[in-house]
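Following: one structure in structure tokens, then a few remarks.
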Amino acid sequence: MFGVTQEGNSVCGNVHGFEPYFYISCLDGIGPDDVPKFRSTLETRMREANRNSKTQNFITKIEIVQKRSVMYYQVQKARSFLKIVVALPTMVAGCRGILEKGINIDGIGQRCFLTYESNVLFALRFMIDCDIVGGNWIELPAGNYCKSTRRLSYCQLELDIHYSKIVSYAPVGQYSKMAPFRILSFDIECAGRKGHFPEPEHDPVIQIANLVTVQGEQRPMVKNVMTLKSCSPIVGADVMSFDTEKEVLLAWRELVTEVDPDIIIGYNICKFDLPYLIERAQKLNVVEFPMLGRIRNSRLRIKDASFSSRQYGIRESKEVTIEGRVQFDLLQAIQRDYKLSSYSLNSVSAHFLGEQKEDVHHSIISDLQNGNSETRRRLAVYCLKDAYLPQRLLDKLMFVYNYVEMARVTGVPISFLLARGQSIKVLSQLLRKSKQRNFVLPNVKSQGAGGGETFEGATVLDAKAGYYDKPIATLDFASLYPSIMMAYNLCYCTLVRAEDLQKFMLGPEEVTKTPSGDVFVKPSLEKGILPEILEELLAARKRAKADLKEATDPLEKAVLDGRQLALKVSANSVYGFTGATVGQLPCLEISSSVTSFGRQMIDHTKKLVQERFNTSNSYSYDAEVIYGDTDSVMVQFGTPDVDEAMKLGREAAQQISATFTKPIKLEFEKVYWPYLLISKKRYAGLLWTKPEKYDKMDTKGIETVRRDNCLLVKNLITECLHKILIDRDIPGAVQYVKNTISDLLMNRMDLSLLVITKGLTKAGDAYESKTAHVELAERMRKRDAATAPTVGDRVPYVIIKAAKGAKAYEKSEDPIYVLENNIPIDPQYYLENQLSKPLLRIFDPILKNASKELLHGSHTRSVSISTPSNGGIMKFAKKRVSCAGCRTPISEENQILCKHCQGREAELYQKTVANVRDLEQLFGRLWTQCQRCQGSLHQDVLCTSRDCPIFYRRKKAQKDLGEAELQLERWDF
DNA sequence: TCGCACGCCTAC
DNA sequence: TAAGGTAGGCGTGCGA
């Protein structure tokens with residue numbers, strides 16, 4: 001075990017005596033006398049299967065224990081299981097395989113065995129059995145350990161102890177404090193060859209920037225940058241320059257061993273920086289480099305890894321294990337926890353820190369490296385910032401608190417939280433609870449390849465679409481699925497098999513028959529462990545929230561807030577675990593029972609609200625349920641008054657709650673007024689939780705909250721909803737739409753507003769149909785494979801002009817490429833395929849002839865001819881001269897104005913001059929902004945950030961200025 | 001032109 | 001051997 005003391009010293013504990021094991025159910029008639037025979041047979045089979053192994057004893061022990069399978073309700077409270085203990089953790093799988101396939105035991109014959117808990121990772125097994133959770137405090141009591149004489153690690157303290165002597169503290173009171181982790185944040189720069197993304201096979205590592213911080217402290221204790229070749233000094237950072245790359249690598253290794261960090265962070269370090277360093281060291285034959293972990297003489301190895309789940313998508317990465325140190329890649333963490341349209345460090349920093357970062361294209365890096373100590377200094381400043389930003393993000397998003405709390409709540413090691421999925425967390429809790437109750441978990445194989453089997457989910461009530469000018473009250477079930485599981489005692493161990501119902505002679509008052517037809521016993525017979533887990537999670541959350549209210553210390557608050565969040569997420573994922581057909585322990589009887597109760601409850605609620613709250617019960621109006629999804633109903637009580645709607649909402653929630661089994665509870669939460677219901681899962685409204693003033697505008701499912709719409713659509717719809725719902729200014733909204741459309745068609749749109757992004761969810765060849773982002777990714781791969789988007793990335797694109805009838809997938813293009821080559825975009829596409837339908841959906845309910853008014857007015861006719869000045873296809877067209885006044889083409893090369901505009905020379909000349917001046921000013925302003933972002937006003941801007949809006953505007957201004965200057969030159973004859 | 005499958009993303 | 005669930009809207013391409 002690795003850890004850190006309260007004083008900040010690293011510890012390695014060599015824990016002795018804990019052995020890997022699993023269970024099988026004992027066959028009828030096997031008694032203690034049969035065990036030796038069984039053991040020798042199994043031992044022989046193991047030896048046969050591992051002929052090359054030098055191991056003497058595979059099976060170290062077999063004992064008969066009294067346990068119960070967690071699967072299905074049983075009257076008998078315990079029966080015999082064999083606990084099979086093996087010599088090494090890796091032997092569990094082989095041994096399990098032999099037993100599952102079947103072995104022939106003398107006198108008993110050929111038998112197959114179902115194994116239990118044979119898929120539990122050894123580390124987790126150890127933690128569960130010793131009551132240790134990720135990130136908690138451990139005591140090695142004085143007198144029970146000895147100082148290691150033969151040092152295996154580089155840790156400051158190293159001790160030997162027997163596992164049974166370890167004392168684990170629950171993370172409460174003084175033990176909820178966070179440890180003073182040492183955190184190393186780093187970033188590397190590599191000098192790629194011209195036009196190539198750096199590859200460790202060819203390209204050197206030229207700089208490594210580092211930031212070392214102690215968790216909870218404001219200032220970093222180390223801030224330095226290691227450079228290849230000289231580098232001018234940087235204020236506030238140590239610059240360490242070296243003549244050879246080998247020295248740079250070794251300097252970094254030395255830093256890591258000296259600092260001895262508990263956590264290593266960075267941006268994309270798992271997929272890029274760490275593997276690059278290791279592969280580069282290999283290439284340079286720096287054999288001593290990859291010893292960065294806490295185990296002496298143990299080398300790092302790289303393994304290709306890929307993670308795929310429906311929730312997180314396919315993510316390919318590399319697995320580098322650094323013993324004793326947690327790797328926390330900010331990219332991974334942010335991809336898992338936040339849905340953003342771009343995950344570049346630049347865009348993420350802008351989003352969370354309000355701070356842009358200079359983005360230097362990899363092709364420029366080599367030039368900076370090959371310059372002088374000043375240009376290398378520039379690069380170093382940039383590199384330092386890339387090491388500094390991940391630390392800022394870690395602090396701002398409170399990742400250490402949230403992840404440590406998640407580890408404590410679920411019991412898994414911190415490293416699992418980024419490397420593994422949701423199910424390991426539930427499994428860990430399930431195993432712990434099972435152990436307390438003497439249950440064992442069967443190792444079931446997922447039925448049928450790919451699962452296939454599925455079950456009916458929740459009801460979504462039909463949406464009575466429209467614009468509602470009366471308050472709409474929302475009634476919600478609090479934690480619906482967890483409360484159903486608790487209310488009806490749904491669990492593996494309470495599920496009654498059809499054939500057992502009669503066998504056990506269970507009376508109707510002892511069981512619950514769920515709406516899906518499954519039967520579970522009531523708690524009086526057997527309390528379910530899932531309900532027990534959920535009760536504890538929700539009670540703990542209540543406590544955490546109460547403590548949070550009391551807490552004054554910001555660090556304590558952070559811990560508690562992280563905890564309540566972890567508890568909520570954990571409670572909600574228990575249901576999903578039971579329904580995961582390709583998971584560890586699926587049980588569709590549980591999950592389909594949960595949803596069937598849910599469906600019944602939402603229907604019941606709708607019926608009750610409408611039956612009770614109407615004029616025949618002496619209410620002033622008839623209530624109407626206009627929509628509802630899974631655990632909520634939207635009620636129009638009929639009153640025009642917000643306060644009254646809230647009162648009715650509370651009354652209804654209370655009345656209806658009383659009709660449900662505890663702890664199921666319907667709550668009144670909020671009122672929407674006004675409310676625009678577009679369809680199922682799509683609506684917008686002003687949200688009120690108190691009668692005085694609305695809280696905010698809330699939108700669900702519509703373009704404003706979707707990542708696959710361009711900013712133009714997002715901004716326009718947001719603005720329109722603002723004008724409609726908040727300002728109540730429909731003509732204003734209409735005018736705004738008209739202006740925007742006119743700007744679009746006149747080519748006055750920033751490219752950054754037109755960028756659409758979509759995720760690449762599978763490898764290129766796995767797609768069945770042709771789509772814009774997939775085809776573009778493929779084209780980009782052909783241009784430059786190293787920088788093209790790959791699986792899991794988001795692909796930004798714009799739609800460009802092309803032949804009539806061209807498919808969208810033929811018209812998608814990389815925004816940078818469009819900018820660099822001056823390719824004209826297709827405004828009509830944006831109008832017809834991006835703007836029109838979302839606009840009509842929100843305007844149709846409130847405006848007669850919305851389509852005619854918005855999409856076919858005079859504003860749609862002011863179309864400008866987009867003539868790219870250079871590049872693109874137009875490069876080959878004969879350059880045409882047009883009139884500086886009205887833009888009609890003119891034949892005479894040296895003319896400026898056409899016949900009609902002649903005589904307006906003075907005025908038009910003035911206009912051209914003014915235009916150049918304005919553009920110069922605009923460009924200057926944007927340039928300064930970019931300079932500020934890169935942290936210096938005295939150097940050229942290098943930034944080429946794909947997702948910085950300023951960048952696009954600066955580029956556009958630069959181009960427009962160039963064109964305006966050309967126009968001006970024409971007057972100089 | 002229309003229905004359908006695919007793909008993406010969201011609500012809960 | 002690693003992977004929480006279903007419902008549902010909507011854009012797009014494709015073939016009937």
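Residue numbers begin at 1 in each chain, while the letters A, B, ... track the order of the sequences. These numbers were taken from a predicted model, which means no experiment stands behind them.
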Spacing between [X] atom [atom1] and [N] atom [atom2], to the nearest angstrom:
X	N	atom1	atom2	result
A:Arg420	C:dA3	CZ	C1'	10 Å
A:Lys425	C:dG4	NZ	P	9 Å
A:Ile756	C:dC10	CD1	P	17 Å
A:Lys770	C:dC14	NZ	P	6 Å
A:Gln584	C:dG5	CD	P	13 Å
A:Leu121	C:dA2	CG	P	7 Å

Categorize [X] for me: base, sugar-phosphate, or nothing, with a 4.0 angstrom heavy-atom threshold over every strand shown.
X	result
A:Ser591	nothing
A:Phe307	sugar-phosphate
A:Ser679	sugar-phosphate
A:Gln311	base
A:Arg841	sugar-phosphate
A:Tyr312	nothing
A:Glu456	sugar-phosphate

Query raised in the report: Will you find, in the side chains of A:Ser69 and A:Tyr23, an N or O donor that is under 3.5 Å from an N or O acceptor?
Result: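 Distance-only check fails for A:Ser69 and A:Tyr23.
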Query - Considering all heavy atoms, the nearest A:Ala566-A:Val409 contact - result: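 Heavy atoms of A:Ala566 and A:Val409 come nearest at CB-CG2, 4.2 Å.
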Query raised in the report: Centroid-to-centroid, A:Tyr343 to A:Tyr338, below 6.0 Å?
Result: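 Ring-ring flag for A:Tyr343/A:Tyr338: false, centres at least 6.0 Å apart.
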Query raised in the report: Are the aromatic rings of A:Tyr809 and A:His773 close, with centres under 6.0 Å apart?
Result: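 No, they do not, as the ring centres are separated by 6.0 Å or more.
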Restricting to nitrogen or oxygen on both sides, can you table the protein-nucleotides 10-12 of chain B pairs closer than 3.5 Å?
| from | atom 1 | to | atom 2 | distance (Å) |
| --- | --- | --- | --- | --- |
| B:dT10 | OP1 | A:Val705 | O | 3.3 |
| B:dT10 | OP1 | A:Arg707 | N | 3.0 |
| B:dT10 | OP2 | A:Arg707 | NE | 3.3 |
| B:dT10 | OP2 | A:Arg707 | NH2 | 3.4 |
| B:dA11 | OP1 | A:Gly701 | N | 2.9 |
| B:dA11 | N3 | A:Lys681 | NZ | 3.0 |
| B:dC12 | OP1 | A:Tyr683 | OH | 2.9 |
| B:dC12 | OP2 | A:Lys700 | NZ | 3.3 |
| B:dC12 | O3' | A:Asp629 | O | 3.4 |
| B:dC12 | O3' | A:Asp631 | OD1 | 2.3 |
| B:dC12 | O3' | A:Asp631 | OD2 | 3.3 |

Query - Rounded to 10 degrees, the angle between the two terminal axes of the helix from B:dT1-C:dA16 to B:dC12-C:dG5, each from five pairs - result: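 Roughly 20° between the end axes, to the nearest 10°.
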Query raised in the report: Who pairs with A:Asp695 by side-chain hydrogen bond (donor to acceptor under 3.5 Å, both in side chains), at least two apart in sequence or on another chain?
Result: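 For A:Asp695, the residues satisfying side-chain hydrogen bond (donor to acceptor under 3.5 Å, both in side chains) (neighbours in sequence not counted) are A:Thr689.
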Query - Residue pairs fulfilling ring-ring contact (aromatic ring centres under 6.0 Å, His included) with at least one residue in residues 569-596 of chain A, sequence neighbours excluded - result: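 Applying ring-ring contact (aromatic ring centres under 6.0 Å, His included) to every pair that reaches into residues 569-596 of chain A, excluding sequence neighbours, yields A:Tyr481-A:Tyr575.
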Query - Gap in Å between the two P atoms, one belonging to B:dC12 and one to C:dG4, rounded - result: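 Pairwise P distance, B:dC12 against C:dG4, rounds to 23 Å.
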Requested in this report: Enumerate the residue pairs fulfilling salt bridge (charged side-chain N to carboxylate O under 4.0 Å, His left out) with a member in residues 595-606 of chain A, sequence neighbours excluded, ordered by first and then second residue.
Outcome: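 Sorted result for residues 595-606 of chain A: A:Glu456-A:Arg599.
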Report task. Could you note down all residue pairs passing salt bridge (charged side-chain N to carboxylate O under 4.0 Å, His left out) where residues 112-126 of chain A supplies at least one of them, sequence neighbours left out? Result ->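 Checked against salt bridge (charged side-chain N to carboxylate O under 4.0 Å, His left out) - neighbours excluded - the pairs reaching residues 112-126 of chain A are A:Glu117-A:Arg125, A:Arg125-A:Asp129.
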